[in-house]
Student: 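Below: one structure in structure tokens.
Throughout, protein chains are lettered first and strands after them, A, B, ... in sequence-line order, and every chain is numbered starting at 1. Computed over heavy atoms, backbone and side chain alike; hydrogens, waters and symmetry mates excluded.
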Amino acid sequence: MSEKKEQQSKASLNKTEDSNKSDQEIVRFEKMEKLARENINLFPHNVKKTHSIIDVIEGFSSLSKEDLEKKNVKVTVPGRIISIRRMGRATFFHIADCRSRLQAYLKEDKVGKKNYQLFSLFDIGDIISVEGVLFKTRTEELTVLADSFTFLAKCFHPLPEKWHGLQDVELRYRKRYLDLIMNPAESEVFRLRSAMIAYIRKFFDQNGYIEVETPMMHSVPGGALARPFKTFHNALGMDLYLRIAPELYLKRLIVGGFEKVYEINRNFRNEGISSEHNPEFTMLEFYQAYSDYFDMMEMTEELIHGMSLSILGTEDVTFGDNTISLKRPWKRVTYKEALASYSGIAPARFENKAGIIELAGTLAPDKKGLSYGKALDIIFDKHVKHNLIQPTFVINPPKEVSPLAKATEKNPDEAERFELVMCGMEIANAFSELSDPAEQKKRFEQQEEARKGGDEDAHWIDTDYIHSLEYGLPPTGGEGIGIDRLVMIFANRKSIREVILFPLLRQK
RNA sequence: GGGCCGUUAGCUCAGAGGGAGAGCACCGGCCUUUUAAGCCGGGUGUCGCUGGUUCGAGUCCAGCACGGCUCACCA
């Protein structure tokens, strides 16, 4: 390309860019060019800060006006400009990060005419560092009286409006950075989430567990009844599936002699999206040898109750209009009792298996080849689950829908399994792990039949897993806890997207 | 995937057959303790997209796209 042509194409490129820019964006771009002409480093490499905004607020808010003056506290504190009040030869502005905000005061006679004019090239959204001495204004607001300031980054887009902020839910999720800038309270949800996960790690580490990482790419997806995402490994020429659960690998580790293992990571399920479902979600799974599902119930109570006391400072959690009491012990009801008490279906009708299957068929017309157990499960999900607000262990569901759990000792049709339901959501799922390789093989084969009958969620046959059981799996209790949903409850958020930083959205 | 609702300025929203509007933000002017700073002046727009009805469509109709709620599925 000739020089002339190149210049032309550059010019037209700029023109195209400008035509896509709003008036406000053009103004900001021009201000940056002016800063460049003033020899301001537009993208500085570093800044020597003495305090974060929160350090200043927490450290000096309580001091009286006079004490603050006496102390003569010098700070260099960086932050994003979120408001500017220009008043001729003086300017007030606030800088903020997603935790707190701090006012700064700029006077022309303090910083000099040239610097004061330079500040007029700054916009709401720009990141700067303010150097100065702390004082309190007439209204007792802690403020930095600026001696100088340093430009750190230009914000090329106008920020949303200061009263209502960013409300558009779609934009909040697509541009989470903007959500965090405009709605700093949102960052509390993710700080809470981080604290919960840190608590979980501490809890299991202190209980003698080790944290492990098992494959997220499986050649045979297993450990749950769900549809997987499929992918492909080029060099090996191999189909792979993103894991739907880590379960079968974690139990292989119990076979291998690790007595207590846990894993916190993502599972992927190729299902619908809803306020309770994101295609990738975070699951805690833990397995403990020489234990059964009763031990898992005790641990679950201890973990979540302790977490609430430690992080929220209460055992009564507010979720929407409800107050959830985490006081131990939690309610335990059998699956049958739950169906009888909450489904609104007369208990006698459950004797009529064909009738129940028919009823479930009307509730879930997409499902084909329903078994009695699967039918009960549909009725449970549809009519029972959302009535269980207080933490409730629903125990002993049908064995048919629990292909990885031991049958109870009393009833061969029921599984030693519980689902923990809170706020109408399934939070945890645990069982006494099936350890009989022949029985496991049989269950897988039954699942395979169901799959052939059109049940897309049915479990695949994992022959390597059966082989591992043949080396001996001790009596083991295992459990999965949906972290996103637990965060929803602790953070009092009704949508899973509010607790996932970047929830999956359709491509625009 | 079904049902209902939504999409208008950078943001938050009004406008429901006939002039493209408000507040904040932005631009120009005044203003050295303001804080939803204030005062004076300025509207910056592909009314989501594509068709249709109409003399005339932001407004009515159809289709599409994206989103929210909800149902289905799932944890």
Student: Starting at CD of A/E247 and ending at P of B/A75, how long is that distance when rounded to a whole Å?
Tutor: 12 Å
Student: Counting the atoms with a prime plus P, OP1 and OP2 as sugar-phosphate, which does A/E419 contact under 4.0 Å by heavy atoms, base, sugar-phosphate, or nothing?
Tutor: nothing
Student: Restricting both atoms to N or O, compile the protein contacts to nucleotides 39-50 of chain B shorter than 3.5 Å, with distance only.
Tutor:
residue, atom, partner, partner atom, Å
B/U44, O2, A/D23, OD2, 2.5

Student: Under a 90° cut-off about 0 for the syn range, is B/A65 syn or anti?
Tutor: anti
Student: Select base, sugar-phosphate, or nothing to describe what A/G165 touches, counting heavy atoms under 4.0 Å on all strands.
Tutor: sugar-phosphate
Student: So if I take every side-chain heavy atom of A/P160 and compare against B/C11, B/C27, B/C71, which nucleotide ends up nearest?
Tutor: B/C11
Student: Give the rounded distance in Å between these two atoms: CG of A/D126 and P of B/C26.
Tutor: 11 Å
Student: Can you tell me the distance, in whole Å, between the CE atom of A/M87 and the P atom of B/A37?
Tutor: 11 Å
Student: Can we say A/K374 and A/D377 salt-bridge, meaning some charged N sits less than 4.0 Å from an Asp/Glu carboxylate O?
Tutor: no
Student: I'd like to check, for A/F281, whether its ring lies over the base of B/A75 with centroids under 5.5 Å apart and a plane angle smaller than 30°.
Tutor: yes
Student: If I pick the C1' atom on B/U44 and the same atom on B/C4, what distance separates them, to the nearest angstrom?
Tutor: 36 Å
Student: If I pick the C1' atom on B/A16 and the same atom on B/A75, what distance separates them, to the nearest angstrom?
Tutor: 44 Å
Student: Without hydrogens or angle criteria, can the side chains of A/Q103 and A/T137 be said to hold a donor-acceptor pair below 3.5 Å?
Tutor: no
Student: Could you check whether A/R497 and A/N278, counting side-chain N and O atoms only, form a donor-acceptor pair closer than 3.5 Å?
Tutor: no
Student: Rounding to an integer number of Å, can you tell me how far A/F156 CZ sits from B/C11 C1'?
Tutor: 20 Å
Student: A/I84 has an atom CD1; how far is it from atom P of B/U34, in whole Å?
Tutor: 18 Å
Student: Keeping A/E271 on the side-chain end and A/R227 on the backbone end, is there a donor-acceptor pair under 3.5 Å?
Tutor: yes
Student: How many angstroms lie between OH in A/Y173 and OG in A/S495, if you round to the nearest 0.5 Å?
Tutor: 4.0 Å
Student: At 4.0 Å (heavy atoms only), tell me whether A/R497 reaches a base, stays on the sugar-phosphate, or touches nothing.
Tutor: sugar-phosphate
Student: For A/E170, which contact category applies under a 4.0 Å heavy-atom criterion: base, sugar-phosphate, or nothing?
Tutor: sugar-phosphate
Student: Among B/G10, B/G67, B/U34, find the nucleotide with the atom closest to the side chain of A/L505.
Tutor: B/G67
Student: NA contact type, A/L225, heavy-atom cut-off 4.0 Å: base, sugar-phosphate, or nothing?
Tutor: sugar-phosphate
Student: In the structure shown, which nucleotide is the Watson-Crick or G-U wobble counterpart of B/G10, with both distances under 3.5 Å?
Tutor: B/C24
Student: Let's see if you can work this out: which of B/C31, B/C26, B/C73 has an atom nearest to the side-chain heavy atoms of A/R89?
Tutor: B/C31
Student: For A/F151, enumerate each residue passing the ring pair (Phe, Tyr, Trp, His ring centres under 6.0 Å) test, keeping only those at least two apart in sequence or located in another chain.
Tutor: A/F122
Student: Could you work out the separation of B/G2 and B/A72 based on their C1' atoms and round it to a whole Å?
Tutor: 8 Å
Student: Pick the P atom in B/U59 and in B/G48, then give their distance to the nearest Å.
Tutor: 8 Å
Student: Among residues 55-69 of chain A, which residues get a heavy atom nearer than 4.0 Å to RNA chain B?
Tutor: none
Student: For the C1' atoms, the ones on B/U34 and on B/C39, what distance do you get once it is rounded to whole angstrom?
Tutor: 15 Å
Student: Which is more 5' along RNA chain B, the nucleotide nearest A/E25 or the one nearest A/S495? Just name the residue.
Tutor: A/E25
Student: Pairing donors with acceptors under 3.5 angstrom, does anything connect the side chains of A/R101 and A/S83?
Tutor: no
Student: Can you figure out which of B/U12, B/C73, B/A75 approaches the side chain of A/I378 most closely?
Tutor: B/C73
Student: So, A/T392 and A/Q390: side-chain donor and acceptor under 3.5 Å apart, yes or no?
Tutor: no
Student: Salt-bridged, A/R266 to A/E280, with N to O below 4.0 Å?
Tutor: yes
Student: Can you check the A/H386 NE2 to B/U70 P distance for me, whole Å?
Tutor: 13 Å
Student: What pairs with A/Y241 under ring pair (Phe, Tyr, Trp, His ring centres under 6.0 Å), at least two apart in sequence or on another chain?
Tutor: A/W460
Student: Counting Watson-Crick and G-U wobble pairs only, both distances under 3.5 Å, name the nucleotide matched with B/G1, or none.
Tutor: B/C71
Student: Apply salt bridge (Lys or Arg N to Asp or Glu O under 4.0 Å) to residues A/R243 and A/E263 and explain how you reach the verdict.
Tutor: CA-CA 13 Å; A/R243 76 175 183 194; A/E263 177 165 8; 2.9 Å; yes
Student: Should B/A62 form a Watson-Crick or G-U wobble pair with both distances under 3.5 Å, which nucleotide is its partner?
Tutor: B/U50
Student: Using a heavy-atom cut-off of under 4.0 Å over every strand shown, decide if A/G272 touches base, sugar-phosphate, or nothing.
Tutor: base
Student: Between B/C26 atom C1' and A/F29 atom CZ, what is the distance in whole Å?
Tutor: 18 Å
Student: Can you measure A/N270 atom CG to B/G1 atom P for me and round it to whole angstrom units?
Tutor: 13 Å
Student: Is there a donor N/O on one and an acceptor N/O on the other, under 3.5 Å, for the side chain of A/D109 and the base of B/U32?
Tutor: yes
Student: Between A/R485 and A/E426, is the closest basic N to carboxylate O distance under 4.0 Å?
Tutor: no
Student: What are the residues of residues 172-180 of chain A, sorted by number, that bring a heavy atom to within less than 4.0 Å of RNA chain B?
Tutor: A/Y173, A/R174
Student: Is there a donor and acceptor pair, one atom on the side chain of A/R85 and one on the base of B/U34, closer than 3.5 Å?
Tutor: yes
Student: By the 4.0 Å heavy-atom rule, please label A/R86 as base, sugar-phosphate, or nothing.
Tutor: base
Student: Of all the choices, B/A75, B/U32, B/C11, which nucleotide is nearest to the side chain of A/E426 once you look at every atom?
Tutor: B/A75
Student: Does any non-hydrogen side-chain atom of A/E433 lie less than 4.5 Å from one of A/K251?
Tutor: yes
Student: What nucleotide, of B/U12, B/U70, B/C66, holds the atom closest to the side chain of A/S275?
Tutor: B/U70
Student: Contact class for A/E141 vs. all strands (heavy atom < 4.0 Å): base, sugar-phosphate, or nothing?
Tutor: base
Student: Between A/R37 and A/E30, is there a side-chain N and carboxylate O pair less than 4.0 Å apart?
Tutor: no
Student: Heavy atoms under 4.0 Å, any strand shown: does A/K31 hit a base, just sugar-phosphate, or nothing?
Tutor: sugar-phosphate
Student: Closest to the A/Q103 side chain: B/U34, B/C69, B/G23?
Tutor: B/U34
Student: If you only use heavy atoms from C-beta on, which nucleotide in B/A75, B/U33, B/U32 is closest to the side chain of A/R269?
Tutor: B/A75
Student: Give me the distance, rounded to whole Å, that separates B/G45 from B/G21 when you measure between the P atoms they each carry.
Tutor: 14 Å
Student: So which nucleotide from B/U32, B/A72, B/U33 ends up closest to the side chain of A/F135?
Tutor: B/U33
Student: Using the side-chain heavy atoms of A/K162, tell me which of these nucleotides is nearest: B/C24, B/U12, B/U33.
Tutor: B/C24
Student: Do you see a donor-acceptor pair shorter than 3.5 Å between the side chains of A/Y287 and A/E247?
Tutor: yes
Student: List the residues meeting ring pair (Phe, Tyr, Trp, His ring centres under 6.0 Å) with A/F490, not counting sequence neighbours, and say none if there are none.
Tutor: none
